[in-house]
Chemist: 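Below is the structure I would like to discuss, written out as structure tokens.
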Amino acid sequence: PGAVHHLHPSPSPTTVTAGAAFNMTVAAHDIFHNIITSGYTNTVTFSSSDGAPYPATLPGAYPFTAPDNGTKTFAGGVTLYTAGSQTVTATDGSFSGNLTATVNPTTEDHLLYLAGDGQSAQVFANVSTSPSVKVEDTYANAITGASVKRAAAAIPTGSPKWRRPRRNVKSAASVAKAGSVESSRR
């Protein structure tokens, strides 16, 4: 191997689930992509494109030592939270390298009301604004392919009010809309 040319974080490319820790290995490479097996003793730090509201969990600064032989695995050292393409950068101040990961949302966690929450209407009447919600995971990532069942319940005055739905998420788009809802008295 020749002199250090760049750092190579792996695995790459990779697909991960939001909030799930994964292993990352960083290796010092020469210009021909050979691992520098001796003499690399720089301190590597990490950064990520995955920021607010849930910034990535990354390894702390790591000083390579001779026994590392130019490569180090950080078991469960990286957790990404924001769905989409995210980058983790390893740098020692002179050399760097990127790992690009596709982050998929985790399971359904909550609904974000976009329109029509808290409406009242007469029994068997349509509400004025079609209810619209977005299904999200724990980290506010939209869950695509989700539908939502809504229910209305009569209150003592006879005017039905929307009840917060139970999660029933399986098909359609990430934003679900409902037209009219029939209420039943309890």
Side-chain angles (χ1 to χ4, degrees), residues 1-114 132-148 167 169-176:
V4 176
H5 179 263
H6 64 276
L7 298 178
H8 180 74
S10 62
S12 183
T14 188
T15 300
V16 298
T17 300
F22 63 94
N23 299 343
M24 181 176 71
T25 299
V26 176
H29 283 220
D30 67 13
I31 197 166
F32 302 106
H33 306 290
N34 298 309
I35 295 175
I36 307 297
T37 57
S38 65
Y40 184 74
T41 56
N42 295 1
T43 297
V44 174
T45 59
F46 301 90
S47 61
S48 175
S49 62
D50 193 359
Y54 301 97
T57 303
L58 302 168
Y62 180 77
F64 273 73
T65 61
D68 290 325
N69 294 319
T71 187
K72 172 67 177 170
T73 298
F74 300 90
V78 177
T79 307
L80 301 171
Y81 300 95
T82 306
S85 181
Q86 300 296 338
T87 302
V88 176
T89 301
T91 185
D92 66 7
S94 298
F95 308 102
S96 64
N98 296 319
L99 176 144
T100 300
T102 299
V103 181
N104 291 324
T106 186
T107 59
E108 305 85 8
D109 180 70
H110 61 274
L111 300 174
L112 176 64
Y113 287 82
L114 303 174
S132 178
V133 296
K134 182 170 140 181
V135 180
E136 294 183 334
D137 71 4
T138 305
Y139 310 106
N141 296 308
I143 305 292
T144 57
S147 67
V148 177
R167 284 180 283 170
V169 183
K170 290 297 171 232
S171 63
S174 65
V175 176

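Index from 1, following the sequence. Just so we're clear, the structure is a prediction, and the values are computed from it rather than from any experiment.
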Chemist: Under the 3.5 angstrom rule, does the side chain of Asn141 hit a backbone N or O of Ala83 as a donor-acceptor pair?
Modeler: yes
Chemist: If you take all heavy atoms of His6 and Ser96, which pair is closest and at what distance?
Modeler: CB-O, 3.7 Å
Chemist: Test Val26 against Phe46 for side chain to side chain contact (heavy atoms under 4.5 Å, CB included), laying out the working first.
Modeler: CA-CA 10 Å; Val26 176; Phe46 301 90; 3.8 Å; yes
Chemist: Between His8 and His29, how do the two ring planes meet: parallel, tilted or perpendicular, split at 30° and 60°?
Modeler: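 If you compare the ring of His8 with that of His29, the planes turn out tilted.
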Chemist: About how many Å separate NZ of Lys72 and OG1 of Thr65, when rounded to the nearest 0.5 Å?
Modeler: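 Between Thr65 OG1 and Lys72 NZ, I get 8.0 Å after rounding to 0.5 Å.
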Chemist: Would Thr82 and Val103 count as a side chain to side chain contact (heavy atoms under 4.5 Å, CB included) here? Give the steps.
Modeler: CA-CA 7 Å; Thr82 306; Val103 181; over 6 Å; no
Chemist: Classify the ring geometry between Phe64 and Tyr40 as parallel (under 30°), tilted (30 to 60°) or perpendicular (over 60°).
Modeler: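 Ring orientation, 0 to 90° scale: perpendicular.
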Chemist: Would a 4.5 Å heavy-atom cut-off, applied to side chains only, mark Val88 and Leu80 as touching?
Modeler: yes
Chemist: Looking only at atom types and distance, does a side-chain atom of Ser48 sit under 3.5 Å from a main-chain N or O of Thr87, one as donor and one as acceptor?
Modeler: yes
Chemist: Using every non-hydrogen atom in the two residues, find where Pro11 and Leu99 come nearest and quote the distance to one decimal.
Modeler: O-CD1, 2.8 Å
Chemist: Please name the residue in the list Asp68, Asp92, Asn42 that meets the side-chain hydrogen bond (donor to acceptor under 3.5 Å, both in side chains) test with Tyr62.
Modeler: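 It is Asp68; the other options fail the test.
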Chemist: Looking only at heavy atoms, what is the nearest atom pair of Pro59 and Val78, with distance?
Modeler: CD-CG2, 4.0 Å
Chemist: We want to know whether Tyr81 and Thr138 form a side-chain donor-acceptor pair, criterion being a heavy-atom distance below 3.5 angstrom.
Modeler: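 No pair is found: no donor N or O on one side chain lies under 3.5 Å from an acceptor on the other.
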Chemist: Kindly determine whether Leu111 and Val135 satisfy side chain to side chain contact (heavy atoms under 4.5 Å, CB included), including the steps that lead there.
Modeler: CA-CA 5 Å; Leu111 300 174; Val135 180; 3.6 Å; yes
Chemist: Say you draw a straight line from OG1 of Thr37 to CG of Asp30; how long is it, rounded to the nearest 0.5 Å?
Modeler: 10.0 Å
Chemist: Identify the heavy atoms of Asp137 and Ala18 that sit nearest to each other, and give their distance.
Modeler: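 What the structure gives for the nearest pair is OD2-CB, 4.0 Å.
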Chemist: Within the 3.5 Å criterion, strictly below it, is a donor on Thr89 or Asn98 matched to an acceptor on the partner's side chain?
Modeler: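 Side chains of Thr89 and Asn98: pair found under 3.5 Å.
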Chemist: Would you say the side chain of Val44 lies within less than 4.5 Å of the side chain of Thr91, judging by non-hydrogen atoms?
Modeler: no
Chemist: Looking only at non-hydrogen atoms, find the nearest pair between Pro105 and Thr17 and report the distance.
Modeler: O-CG2, 4.0 Å
Chemist: Taking all heavy atoms of Ala20 and all of Thr79, pick out the closest pair and write down the distance.
Modeler: N-CG2, 3.9 Å
